[in-house]
Amino acid sequence: MNNEQKKDLPAGVIGEEALSASSYWKDIARSFCKNKIAVVGLVLLAVIVVLCAGAPLFTSYDPVLDMNPSENLLPPGSEGHLLGTDDYGRDLWSRLLYGGRTSMLTGAIVAIVSAAAGVVIGCVSGYFGGLLDSLLMRFTDIMLSFPFLIIAIAIMAALGASQKNVVLALAIIGWPGFARLTRSQVLALKEQEYVESARVAGFKNARIIFNHILPNAMGPIIVQLTLAVGNAILSAASLNFLGMGVDSTLPDWGVMLNQGRNYLQTHSYLTTVPGIAISLTVLAMNWVGDGLRDAFDPRLRK
Amino acid sequence: MRIYIIRRLLQMIPTLLIISFMIFGLLYLTPGDPVFLMLGAGESQSISPETYEMVRKDLGLDQPFFVRYLNFVKGAVTGDLGESYVTRQDVFSEIMARMPATLQLTFCAMLISVLVSIPLGILAAVKHNSIWDNISTFLATIGVSLPKFWFALVLIIVFSLKLGWLPSKGIGYLEEGLGTYLSHMALPAISLGLGLAATQTRMIRSSMLDVLGQDYIRFARSKGLKEKIVILGHAMKNALIPVVTVFGSEVGGLLGGAVVTETIFAWPGVGRLIVNSIGKRDYPMIQGATLMLCTLFLLINLLVDICYAGLNPKIRLEKK
């Protein structure tokens with residue numbers, strides 16, 4: 001909202017400023033912090049993000065270029081290589097950290113893109129209703145009725161393997177869930193009196209949707225977003241594992257698993273290490289998501 | 001009830017049309033000339049213009065996009081999905097030859113999931129906030145977070161490579177004896193089924209918790225009914241209804257997971273066929289197999305919904 005609008009509408013009259021939003025979020029944060037598992041998840045996630053984002057600080061090896069054939073397939077705990085080396089003699093710890101960047105970035109972008117698309121479609125559908133709503137929701141339902149990984153694989157087969165296409169394929173499958181969720185929230189909220197009064201005050205539809213309805217619908221959307229990041233990491237790992245995802249020279253957890261597969265018998269740590277990394281990240285994400293869900297649930301919040 | 005089933009069958013038609021259009025459209029946009037793929041030649045190699053035109057006409061590639069799509073749909077309805085670029089075999093019969101393997105794997109995974117999730121979910125809800133609840137919730141959250149294909153690899157490392165108990169590759173046929181059949185089925189079905197079981201356990205637990213708080217449960221207890229009867233007779237039936245509805249869509253995840261599982265365990269099913277065909281750029285095969293898996297998914301969903309309608313008197317007794 002810009003300053004001009006503030007001038008002709010005194011604060012506190014319509015309700016945008018009257019309700020103290022800060023105490024609501026403080027309540028959520030307080031109830032989230034009471035949930036031990038959720039806090040553990042958040043801390044775990046923070047550690048993983050810091051390690052991966054600051055990868056150059058925690059390792060001196062390049063994940064792709066530092067090949068050393070004379071030191072290949074060293075087991076974890078070898079001198080100079082905390083987690084050992086892969087078949088090209090590259091440091092596994094370094095590949096793990098840089099790989100986390102690819103995996104988590106992919107997960108986050110997929111979740112944000114699907115959420116953005118789904119929220120816009122859900123808002124339009126729920127707020128305006130009518131024929132547009134019927135058409136959009138029929139389409140959403142059909143999209144939801146696809147076996148998603150199979151469609152993702154078909155999309156990847158058509159578009160070709162690249163990180164951009166992984167994001168695109170997973171976002172195409174991801175948005176309908178957000179659209180359904182947002183629509184149901186908007187439907188419930190648009191009948192509320194404060195929305196009615198905003199409409200009477202002559203506010204534009206866009207302003208009512210973004211300033212009045214959406215902030216109150218954010219809770220479930222944030223929860224869904226958190227869980228979607230974890231799911232996207234898992235799906236992207238599946239695609240990369242099948243060799244249909246990112247360029248196999250990029251360090252990525254799914255790609256690492258695919259490479260480690262050839263050494264199951266002799267060097268199983270090449271498979272277990274990236275797998276544990278994916279599992280821990282997604283587990284932390286799910287714990288945070290579950291904690292947020294409980295925190296946003298007024299029935300559970302005291 | 002019959003009208004309900006017919007209505008649901010009719011509703012499948014637009015969904016299938018959109019799926020087939022998406023898949024057909026996607027593969028249409030793919031770079032690469034099908035004629036060269038069909039002739040198994042690189043584009044640099046010289047193919048006489050006559051041969052090129054002949055194959056092009058033969059494949060129907062000289063026609064506009066929508067005519068080709070309509071022909072594809074017309075063929076699909078009669079079970080003709082074209083022929084493979086690579087093996088020149090009929091796509092439909094190739095897929096149907098692999099369908100039983102996929103169906104068996106999916107069915108065993110579903111069975112495992114049901115056998116694990118129902119007792120665990122109910123136990124967690126009945127002993128709410130106890131150590132049992134915490135353990136089963138913890139296990140379920142871990143199960144949801146593990147990449148299923150990685151879990152499959154870990155199972156291979158432990159049970160095939162280290163302990164040598166179970167085979168890590170291929171399918172065992174019933175003719176070779178039940179032992180061979182089950183030992184080959186064990187690892188793929190467990191790795192696929194436990195993932196689904198994790199999701200299901202969480203759902204059954206919360207649904208059961210909801211039901212246990214209802215008045216009729218309190219009434220049943222105050223009547224002095226045995227706790228066992230209250231839980232297994234009254235609560236479970238109602239708690240499973242919402243779980244059944246979601247079960248159908250979970251099968252979609254199962255079929256998607258089967259693609260990866262089949263690849264890992266060299267399981268001769270439709271999923272592995274898709275992955276192999278993508279490697280060979282065999283587009284008619286990718287198109288056909290994807291469409292068939294989507295159809296299978298819709299049919300399973302329909303079946304689940306019919307069971308649901310049978311469970312739910314609101315729909316069962318509907319006159320219309």
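Chain letters run A, B, ... following the sequence lines, proteins first and then strands; every chain starts at 1.
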Can you tell me which portion of B:L255 sits under 4.5 Å from chain A's heavy atoms? Options are side chain, backbone, both or neither.
both

Heavy-atom distances under 4.5 Å only: say whether A:M156 touches chain B with side chain, backbone, both or neither.
neither

Between B:T141 and A:N286: side-chain donor-acceptor atoms closer than 3.5 Å
no

Given heavy-atom pairs under 4.5 angstrom as the criterion, report whether the side chain, backbone, both or neither of B:I278 touches chain A.
side chain

Do A:S268 and B:K162 touch side chain to side chain, with heavy atoms closer than 4.5 Å?
yes

Hey, does B:P147 have a side-chain heavy atom less than 4.5 Å from the side chain of A:S279?
yes

Tell me, for A:M143 versus chain B, whether the close heavy atoms (under 4.5 Å) come from the side chain, the backbone, both or neither.
side chain

Nearest heavy atoms of B:G257 and A:L149, plus distance in Å
N-CD2, 4.4 Å

Part of B:L298 within contact of chain A (heavy atom distance under 4.5 Å):
side chain

So, the side chain of B:W150 versus the backbone of A:L257: is there a donor-acceptor pair under 3.5 Å, distance only?
no

What one should report as the nearest heavy-atom pair of A:R261 and B:T263 is NH2-O, 3.7 Å

Name the region of B:F151, side chain, backbone, both or neither, that has any atom closer than 4.5 Å to a heavy atom of chain A.
neither

What option among B:I23, B:L254, B:V260 has the most heavy-atom pairs under 4.5 Å with chain A?
B:V260

Rounded to the nearest 0.5 Å, what's the gap from CD1 on A:I150 to CG on B:L291? Could you check?
11.0 Å

Less than 4.5 Å to any heavy atom of chain B: does that hold for the side chain of A:I233, its backbone, both, or neither?
neither

Sort out for me which of B:L296, B:I286, B:V275, B:V154 touches chain A most, counting heavy-atom pairs under 4.5 Å.
B:V275

In this structure, CZ of B:F149 is separated from CG of A:L234 (nearest 0.5 Å) by 7.5 Å

Please examine the side chains of B:I264 and A:F241, heavy atoms only from C-beta on, and report whether any two atoms are closer than 4.5 Å.
yes

Trace of the side-chain contact (heavy atoms from CB on, under 4.5 Å) decision for B:L153 with A:T272:
CA-CA 9 Å; B:L153 293 175; A:T272 37; over 6 Å; no

Measure distances from A:D141 to the heavy atoms of chain B and classify the residue's part below 4.5 Å as side chain, backbone, both or neither.
neither

Side chains of A:I151 and B:M22, heavy atoms from C-beta outward: is any pair under 4.5 Å?
yes

